[in-house]
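Numbers for residues simply follow the sequence, beginning at 1. The shown structure was predicted, so the numbers you read here are calculated from the model rather than taken from an experiment.
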Amino acid sequence: MANLTRVPRNVAAVTETKPHMRVYHAGAELEAGMPCELQTDGSIIPMTADGVFVGVALGPAVVGEAVSVLWDGSIEGYNLSALAYGAPVYSSATAGAVADATSAGAKVIGVVLPLTDRPRTKVLYIQARPF
């Protein structure tokens with residue numbers, strides 16, 4: 001299992017699909033592209049492998065600050081070049097990271113899909129259960 005490289009300044013929702021977002025308050029410091037889990041107080045923190053996945057932070061946030069989270073749609077900003085189209089992407093044992101293979105307690109948080117541009121750019125399609 002390896003964690004995928006992400007470039008926070010390149011993380012963005014892809015508008016080729018209709019992205020679905022929700023706003024949460026950060027319960028810990030967040031960076032763009034971090035998968036997030038829900039806390040009992042309603043705030044979100046960087047996700048660990050077995051957390052309740054609510055989506056991916058679209059921007060940075062400090063504790064108490066509001067942050068948009070993509071819970072259904074495509075997102076760019078990860079190095080997906082080594083993964084095939086259709087490959088699942090998992091939560092990682094490393095808080096706030098995504099991995100290319102499963103580990104104990106890990107959950108599938110997305111799948112690699114192509115855009116319709118000529119090079120078929122790889123993006124990560126995220127789908128969290130918002131309930």
Side-chain angles (χ1 to χ4, degrees):
M1 175 187 85
N3 289 336
L4 298 178
T5 303
R6 106 181 113 71
V7 181
R9 71 176 179 272
N10 293 345
V11 170
V14 176
T15 58
E16 183 178 75
T17 61
K18 183 176 182 179
H20 296 275
M21 295 172 250
R22 188 172 193 300
V23 177
Y24 290 94
H25 282 95
E29 190 169 322
L30 298 171
E31 291 181 2
M34 284 184 160
C36 299
E37 66 180 70
L38 186 63
Q39 298 296 284
T40 57
D41 67 358
S43 67
I44 58 170
I45 62 171
M47 183 180 183
T48 55
D50 59 354
V52 177
F53 179 58
V54 294
V56 175
L58 290 174
V62 296
V63 175
E65 188 175 27
V67 62
S68 292
V69 173
L70 178 76
W71 64 269
D72 182 18
S74 296
I75 190 168
E76 59 186 344
Y78 301 89
N79 181 354
L80 303 171
S81 60
L83 299 176
Y85 298 114
V89 174
Y90 303 87
S91 56
S92 173
T94 304
V98 295
D100 61 1
T102 190
S103 63
K107 296 179 175 87
V108 173
I109 63 166
V111 63
V112 178
L113 292 179
L115 292 180
T116 58
D117 58 353
R118 184 161 299 284
R120 295 186 189 111
T121 303
K122 292 179 180 179
V123 293
L124 182 57
Y125 179 76
I126 298 294
Q127 192 170 48
R129 295 182 64 174
F131 46 87

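With sequence neighbours excluded, the residues that form a side chain to side chain contact (heavy atoms under 4.5 Å, CB included) with Ala12 are Glu76. Applying the side chain to side chain contact (heavy atoms under 4.5 Å, CB included) test to Leu80 and every residue at least two apart in sequence or in another chain returns Leu4, Tyr78, Leu83, Val112, Lys122, Leu124. In this structure, the side chain to side chain donor-acceptor pair (under 3.5 Å) partners of Thr116, at least two apart in sequence or on a different chain, are Glu16. Remark: Asn79 engages Ser81 in a side chain to side chain donor-acceptor pair (under 3.5 Å) (not counting sequence neighbours). Partners of Glu65 under the salt bridge (charged side-chain N to carboxylate O under 4.0 Å, His left out) rule, at least two apart in sequence or in another chain, do not exist in this structure. For Pro46, the side chain to side chain contact (heavy atoms under 4.5 Å, CB included) partners are Ala28, Leu30, Met34, Ala95, not counting sequence neighbours. Shown here are the side chain to side chain donor-acceptor pair (under 3.5 Å) partners of Thr5, two or more places apart in sequence or in another chain: there are none.
Gln39 CD to His25 NE2: the interatomic distance, rounded to the nearest 0.5 Å, is 15.0 Å. Here the straight-line distance linking atom CG of Leu70 with atom CD1 of Ile126 works out to 6.5 Å at 0.5 Å rounding.
Looking at every heavy atom in both residues, Trp71 comes nearest to Val54 through CB-O, 3.3 Å. Considering all non-hydrogen atoms of both residues, Val23 and Ala66 come closest at CG1-CB, 3.7 Å. Here the shortest heavy-atom pairing between Glu29 and Val63 reads N-CG2, 4.1 Å. What you find for Gly96 and Pro35 is that their closest heavy atoms are O-CD, 3.3 Å. For Ala32 against Pro8, the heavy-atom pair with the smallest separation is CB-O, 3.5 Å. Minimum heavy-atom separation, Pro114 to Tyr85: CB-CE2, 3.5 Å.
Hydrophobic cluster of Tyr90: the remaining members, joined at side-chain heavy-atom separations below 4.5 Å, are Val108, listed by chain and number. In this structure, Val62 stands alone, with no Ile, Leu, Val, Met, Phe, Trp or Tyr side-chain heavy atom under 4.5 Å from its own, directly or through other members. Applying the under-4.5 Å side-chain rule to Ile, Leu, Val, Met, Phe, Trp and Tyr, the cluster around Leu113 extends to Val111, Tyr125. The hydrophobic cluster around Val14 extends to Leu115, Val123, counting ILVMFWY residues whose side-chain heavy atoms fall within less than 4.5 Å of a member.
Under the 3.5 Å distance criterion, the side-chain polar atoms of Ser92 are left unmatched by any main-chain donor or acceptor of Ala99.
The same ILVMFWY cluster, assembled from side-chain heavy atoms under 4.5 Å apart, contains both Met21 and Val11.
Evaluation of the salt bridge (charged side-chain N to carboxylate O under 4.0 Å, His left out) test over residues 31-42, restricted to residues two or more places apart or in two chains, returns Arg6-Glu31.
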